[in-house]
Amino acid sequence: MSGFNFPSGSIRKYISSALNVIIQIARLVDGTRRVVSFQEITGMEGDVVTMQEVFHFEQTSIDAKGMVKGRFRATGIRPKFVERFHAAGITVPHDLFNSNKVYEI
């Protein structure tokens with residue numbers, strides 16, 4: 001489809017309807033790659049794709065070997081896709097998205 005010019009708003013709308021989540025991975029100071037953010041795409045506001053962060057990585061320290069230590073923390077937002085999981089018979093623990101819940105690494 002080369003040679004076609006699509007408006008950027010149409011492309012963004014197409015992408016936001018095709019994707020459910022964005023997983024961001026980063027290389028940390030110790031050279032390892034780690035998931036640092038898990039976000040749900042919630043839709044569009046005008047020409048802007050809107051997202052809400054569900055989990056994020058918090059670096060807590062660097063150990064004696066220079067390796068990054070940290071944890072994943074829920075933001076307290078229960079994503080919309082959980083309803084589709086329930087409809088498909090997949091159970092998701094209710095406290096998984098509790099903002100007080102921490103997953104140590």
Side-chain angles (χ1 to χ4, degrees):
M1 297 184 68
S2 66
F4 286 107
N5 291 327
F6 292 105
S8 63
S10 297
I11 293 170
R12 288 183 183 135
K13 187 178 281 189
Y14 179 73
I15 290 171
S16 71
S17 68
L19 299 176
N20 295 316
V21 297
I22 300 290
I23 299 172
Q24 181 181 358
I25 299 172
R27 185 185 305 261
L28 303 179
V29 295
D30 61 1
T32 61
R33 294 180 195 266
R34 188 157 294 152
V35 174
V36 293
S37 181
F38 181 92
Q39 299 181 22
E40 176 185 37
I41 295 178
T42 57
M44 297 280 298
E45 287 183 13
D47 282 345
V48 177
V49 176
T50 57
M51 298 183 289
Q52 60 186 11
E53 190 169 48
V54 180
F55 294 100
H56 66 275
F57 179 75
E58 296 176 344
Q59 180 176 330
T60 55
S61 65
I62 297 178
D63 68 11
K65 296 180 183 177
M67 301 300 289
V68 171
K69 297 293 179 189
R71 60 186 171 210
F72 285 101
R73 183 177 293 276
T75 59
I77 296 172
R78 188 169 184 83
K80 296 175 185 177
F81 62 77
V82 171
E83 296 170 6
R84 286 185 281 182
F85 280 13
H86 287 295
I90 301 169
T91 57
V92 177
H94 290 287
D95 68 338
L96 179 67
F97 304 106
N98 183 343
S99 62
N100 296 323
K101 186 99 172 175
V102 175
Y103 302 94
E104 294 288 334
I105 296 178

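Both backbone and side-chain heavy atoms feed into the values below; hydrogens, waters and symmetry mates do not. For this chain, numbers begin at 1 and follow the sequence in order.
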Original post:
Taking C-beta and beyond as the side chain, do Leu96 and Lys101 meet within less than 4.5 Å on heavy atoms?
Top reply: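 Side-chain contact under 4.5 Å: no.
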Original post:
Do the non-hydrogen side-chain atoms of Val35 and Phe57 ever get within less than 4.5 Å of each other?
Top reply: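 Sidechains of Phe57 and Val35: no contact.
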Original post:
Looking at CG of Asp30 and NZ of Lys69, how far apart are the two atoms once the value is rounded to the nearest 0.5 Å?
Top reply: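 NZ of Lys69 is found 9.0 Å from CG of Asp30.
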Original post:
Atom CZ of Arg27 and atom OG1 of Thr32: how far apart are they, to the nearest 0.5 Å?
Top reply: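 Those atoms lie 9.0 Å apart.
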Original post:
Picking from Gln59, His56, Glu58, what satisfies side chain to side chain donor-acceptor pair (under 3.5 Å) with Arg71?
Top reply: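 The residue from Gln59, His56, Glu58 that satisfies side chain to side chain donor-acceptor pair (under 3.5 Å) with Arg71 turns out to be Glu58.
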More than 12 heavy atoms of other residues, nucleotides or ligands under 6.0 Å from [atom1] of [X]: is that the case?
{"X": "Gln52", "atom1": "CD", "answer": "yes"}
{"X": "Glu104", "atom1": "CD", "answer": "yes"}
{"X": "His86", "atom1": "NE2", "answer": "yes"}

Subject >> Nearest heavy-atom neighbours spanning Met44 and Val49 >> reply: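 Closest heavy-atom pair between Met44 and Val49: SD-CG2, 3.7 Å.
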**OP:** Hey, can you tell me if Tyr103 and Phe55 have their rings parallel, tilted or perpendicular (30° and 60° cut-offs)?
**Re:**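 Correct class here is perpendicular.
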Subject >> Verify same cluster id: Phe72, Phe81 (apolar side-chain graph, 4.5 Å) >> reply: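 Hydrophobic grouping puts Phe72 with Phe81.
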Subject >> Common cluster, Tyr14/Val48, ILVMFWY with side-chain heavy-atom separation under 4.5 Å >> reply: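 No, Tyr14 and Val48 fall in different hydrophobic clusters.
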